[in-house]
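Excluded from the calculations below are hydrogen atoms, water molecules and symmetry mates; all remaining heavy atoms, backbone and side chain alike, are included. First listed ligand is number 1; within each ligand, the first listed atom is number 1. Worth saying up front: this structure is predicted, and the values here are computed from it rather than measured.
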Amino acid sequence: MKTQVAIIGAGPAGLLLGQLLHHHGIDAVIIEQRSPDYVLSRIRAGVLEQGTVEILEGLGVADRLHAEGLVHDGVELSCEGERLRINFRELIGKTVTVYGQTEVTRDLMEARASKGLTTIYEAESVELHDVHGDSPFVRYTKNGQAHKVSCSIIAGCDGYHGVSRKSVLPSAITTYERVYDFGWLGVLADVPPCAEELIYANSERGFALCSMRSLTRSRYYVQVPVAERVEDWSDDRFWEELRRRVGEDVASRITTGPSLEKSVAPLRSFVAEPMRFGKLFLAGDAAHIVPPTGAKGLNLAVSDVYYLTQTLSEYFRSPSESVLDSYSVRALKRVWKAERFSWWMTSQLHHFPGSDAFSRRMQRSELEYLFRSENAQKVLAENYVGLPL
Ligand code: RFL
Ligand code: PHB
């Protein structure tokens, strides 16, 4: 098989890149190791920046998002009983939309299928070849048969554990990393949310987040030690712990119910530089990870593929090395800003076991400043709704 761009991975980055390239008249094939159902079963992000929504609108894949997504004008922070609403609309005239990553993925999969574009699911042993040459190609097997896709460009959209970044010589790549020694235990349940907007809570017992997928489906998280086993958390234990972290008033409005999904996600900050190696381009989680506290991971995957599409459409019109070079520089600028914001949100809202008294005072002082200063709230708002593309 021959195509202009071989995309590895059918997560949000790969699927959106496929749609954007199609929109620009560029042919692409997506190669994904899992089945469509498996991809759709992963419960992840829930908050879309305004810029992300506009990109989906521009592609004509935002009808269901507008019908079912919830526009939020702000978020609430809670710190030891004190609560602060950050009103994005008033502070900076922007909003976010709560719409699950699963739904974005489903909409993109349907748009791709309706245009007859090729996605190869359940591809095994995916290998990238000749990425520094003029004729890169991808090999994979499916149902025991070997296949080859020849292309001009390979887009590595295969997430943190994917094969693309690992295909690059370690000496060509510089990585920056912070691994946190706690994770988020998340529960999805068909119960009405406890509030109209998200609540991020910092408490003595650790961080908690009240989020949602719809007016009848809630998503809650509590900070737990990274080695915590899901099996040790009955639904009752989860609800009890959540209630103890969010303050009495919020706790009294939490409706409990059986969990539909329960999992622990580790927290990590990670950036691989550069994001281009010859004809291989990394995008999304394949190149960087943010802790989920800033709700940035999915939105960064979107901004990467937006820049990548601009780069590739210019390259296919008039091929040059300098055009290809521009992607990594542009994408990384935005990546580092989102890394900073996600690290800052994580630092301010979590309980750091073993931290000294000075660090704990600094955290409290930072939150007190935020609670009193409209300027500080504007900085949070501007970053949370997403910096301009
Ligand atoms: P994905 O979604 O991991 O997709 C990668 C795809 O590549 C496939 N793959 C391969 N395919 C072929 N060959 C191989 N060798 C392959 N190896 C892997 C995989 O099967 C998969 O289908 O990466 P992508 O597309 O870059 O998207 C990134 C986002 O998924 C991620 O950043 C967000 O989910 C992060 N995130 C959040 N982001 C937000 O913007 N807002 C949020 O509110 C938010 N909340 C979250 C989150 C992530 C979380 N977890 C579980 C880490 C909340 C949580 C709890
Ligand atoms: C979610 O709803 O899953 C969610 C929302 C906000 C975050 C992280 C996750 O910061």
Atom indices of ligand 2, in the order listed, that fall short of 4.0 Å to a heavy atom of Pro292: 7 (C), 8 (C), 10 (O)

Ring centers of Phe277, His132 separated by less than 6.0 Å: no

Looking at atom 25 (O) of ligand 1, what's its closest protein heavy atom, distance included? Ala13 N, 2.9 Å

Polar side chain donor-acceptor pair, Ser269 to Tyr180, under 3.5 angstrom: yes

For Trp184 and ligand 2, does the shortest N/O to N/O distance drop below 3.5 Å? no

Could Arg44 and Glu261 be called an ion pair, given the rule that one side-chain N must be under 4.0 Å from one carboxylate O? no

List every atom of ligand 2 that sits less than 4.0 Å from any heavy atom of Leu198, numbering the atoms from 1 in the order shown and giving each element. 5 (C), 6 (C)

With nothing but distance in play, are any N or O atoms of Ser211 less than 3.5 Å from an N or O of ligand 2? yes

Against heavy atoms of Gly11, which atoms of ligand 1 measure under 4.0 Å? 4 (O), 6 (C), 22 (O), 25 (O)

Heteroatom proximity flag, Asn299 to ligand 1, N/O under 3.5 Å: yes

Does some non-hydrogen atom of Arg213 fall short of 4.0 Å from ligand 2? yes

Checking a contact table here: which protein heavy atom is nearest atom 18 (C) of ligand 1, and how many Å away? Asp158 O, 3.2 Å

Checking the N or O distance criterion of under 3.5 Å, is ligand 1 in contact with Arg34? no

Under-4.0 Å heavy-atom contact with ligand 1, by part of Val126 that carries it: side chain

Give a yes/no verdict on whether any heavy atom in Val98 is under 4.0 Å from an atom of ligand 2. no

Proximal candidate to atom 30 (O) of ligand 1 [heavy atom criterion; set Gln101, Glu122, Glu127]: Gln101

In ligand 1, the atoms that come under 4.0 Å of a heavy atom of Gly297 are 32 (O), 35 (C), 38 (N), 39 (C), 40 (O)

